[in-house]
Structures are given as C-alpha cells and as structure tokens.
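Just below is one structure, and these are the notes that go with it.
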Amino acid sequence: MIHETFRELLALRLYDELEAAESAALDAHLAGCAACRTFALELQAGLGRAPQGTAADDLPAGWSEALRARIGARPSAPRPATRRPALLAFASGLAAGLLVMAGWRARGEPSATPARPPAAVETAFARATPPPLASGRGPLAQLAALERRR
Amino acid sequence: MAPGSSAAFEALVAEHGRSVRRVCNAILRDEHLGADAAQETFVRLWSRLREGRAPERFGGWLRRVAVSTSLDLLRRRPRAPAAGEDAAPEPTAPDDPLALAAGRELHERFEAALAGLSEGQRTVFLLRHAGGLRLAEVAETLGLALPTVKTQFARACLKLQARLAPFDGPDDGPGDEPGAGRRHDRDPGDRR
C-alpha cells in the first residue's frame, strides 16, 4: 500500500502539484526504492503520451457574433402578446376574489384582518408584475459596483 | 441590448472567453461542442446579469458553469467521438501516414482509458491536464477539498499510465526511442 501512495505522489510531481513536505517524503522513499524509481520513468513515458486534446482555446471566427445574436434574440421585456393572458388571468382572479369576499360579508362573518386573495389571484399578479431588481439597481450598476470592489 | 450593459458584458467575454473555452474543450475534447458549451456558459451569465444577480467572482462562477454545461453536453452525447472525427489527434508528421495512424491509435487508447475512469476522476484529470487549471483551482471549481482532488487526480494518472504505456517488447525500456506519435522527453506537467 505504501508504494501505491508514493506512486500517487509521483503522478502529482509530474504535474508539479506536490507540496514541499510531500516532495521531501517522496525523495526520501525514492532514494531507497528502485522499483519506484523505475515506475517514475514508466509513469513519465506513459502519461507523456497522453494527447493534449484540442489545441485551440481561441474563440473561433463568428463565435462572438453568434453569442450576441443569441443574447439579442432573448426578449428584454415581457412581450405584449403574453401580457394580455396574464392580465386577463389577473382580472378574472381578482373578480373571483372580490366575489368570494362579498359572499363572506353577506354571511355576516366578521373579518378582523382583510381576507387573503385566493392563490390564483396572487399567481396571476406575480406573473403580470416583473420581479423587483435586487437593491433596485440594474445589472450594469451592479457590475460597476463589483468592479469598484475588485 | 442596452449599450452600457452590452459593453460591460463584452468586456467579461473578452477577459474570460478563452479560459472558459479551454475548460469546455478539455472536458468535451471536441472543438465544436466546446465552442457551443462556452457560448451557453456566457448566455447563462447574461441571463443572470439581467436578473440582477451578478456573481461575486466572475472567474470562478464561469468555470463552474462551464464545467456543468460541458458535463451536461457530454452526458447527452450517445458516445465519445471516434478518432478522426471532431477531436483530431496530434500527429508528429502530418504527411506521414504511419504517424497519422499511430496518432489515431493513441487517441483511441486515450479515449478508452478515459472511459475507464469515474466521471469525477475524468473531470479532475482533464481539467488539470488539458484545461489549464491548477489542482487548487479544480478543487474550487468543483467545490471539493484539495486533498480529495489530488487523490482523484493521482489515481486517474495511474490508471491512464497503465493504458497508455507503450506496447513495446519486454526488452524495451521507457528510455528507448518510441515509434511515431510519441512525445520525447516531454514532461506532461509542463502544460500551462
């Protein structure tokens, strides 16, 4: 088992990932272990054959334009066509809620606190109203704040 | 797209685009898929910025999203690409058919060896070996402890070494001149 541990350290050394204490322990072991010294050469030979993979990390031609197109294609605000169904749902939900409240009042039940609108009203209202921005600031202001903090 | 926010976003793309693509390429081992995954990563960043949820540290966040996006793409693929398809090998002599054949054979063995690793070991190894990240950065990106990442990486190396060792005769040692397609005197750690 101990050889396995040192062989793992050999792999880490190959990639310059050893800490000083680990490196010292490995050197001490190698000084007295021919098998591990041979393995070190085999490891280098074996892993040295590992393909690097795709060499290019530069952004290919047209990549940035394609990204802009994808981002530009996303709607920046709710489309008018989708607002109408949400508003209709809100209005109908509100009307339903008002009817329910009127029915309660007609029965004479006291309501110490205002009746909570039905869940459908809240859902429709949430859909119709865009969520508030964090701290009331837009993305650009938040980016600028982050840049200043950096 | 509002001009101000677009400029800030493009600055982020310019600063982090290459490193994001390197991470995606490392995991996917395919330039086209790597470009797609990199693009998807920045689209997610844009969506997050529009929601007013800018990440604390863009570099780390982008790496994490790049890794998860790439892994998602990888899982959705039916199988790894065969040699000669999108992920081309690196022949030492492009005009030499023997070198090309040897390069392809090595590439196939490498892919087969990678397939024998667990997803965690494979991801850690590729991010270090080809992704340009130090193991400390790999640990931060994956949300793992550094000792865990080091162990996973080392064990991946040992498994790969067994599969990639040259199939020479019993009298040939690691110091002998290999066939075409093998790198000489190259320390795999000299990659950054």
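Just so we're on the same page: letters track the sequence lines, and every chain starts at 1. Note that this is a predicted model, so its numbers are computed, not measured.
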Problem set entry | Interface residue of largest heavy-atom contact number with chain A, from B/Gln39, B/Gln161, B/Arg155, under 4.5 Å | B/Gln39
Problem set entry | Gap separating the CD atom of B/Glu40 from the CG atom of B/Asp36, nearest 0.5 angstrom | 9.0 Å
For this session: Tell me, for B/Ala156 versus chain A, whether the close heavy atoms (under 4.5 Å) come from the side chain, the backbone, both or neither.
Result: neither
Problem set entry | Largest heavy-atom contact set with chain A, pairs under 4.5 Å, which of B/Gly34, B/Ala14, B/Ala38 | B/Ala38
Problem set entry | Ring center gap for A/Phe39 and A/Phe6 short of 6.0 angstrom | no
Seminar exercise, completed: Separation between CG (B/Leu126) and CG (B/Leu74), nearest 0.5 Å, reads 9.0 Å
For this session: Decide whether B/Arg63 and B/Ser19 meet the rule of one side-chain donor and one side-chain acceptor closer than 3.5 Å.
Result: no
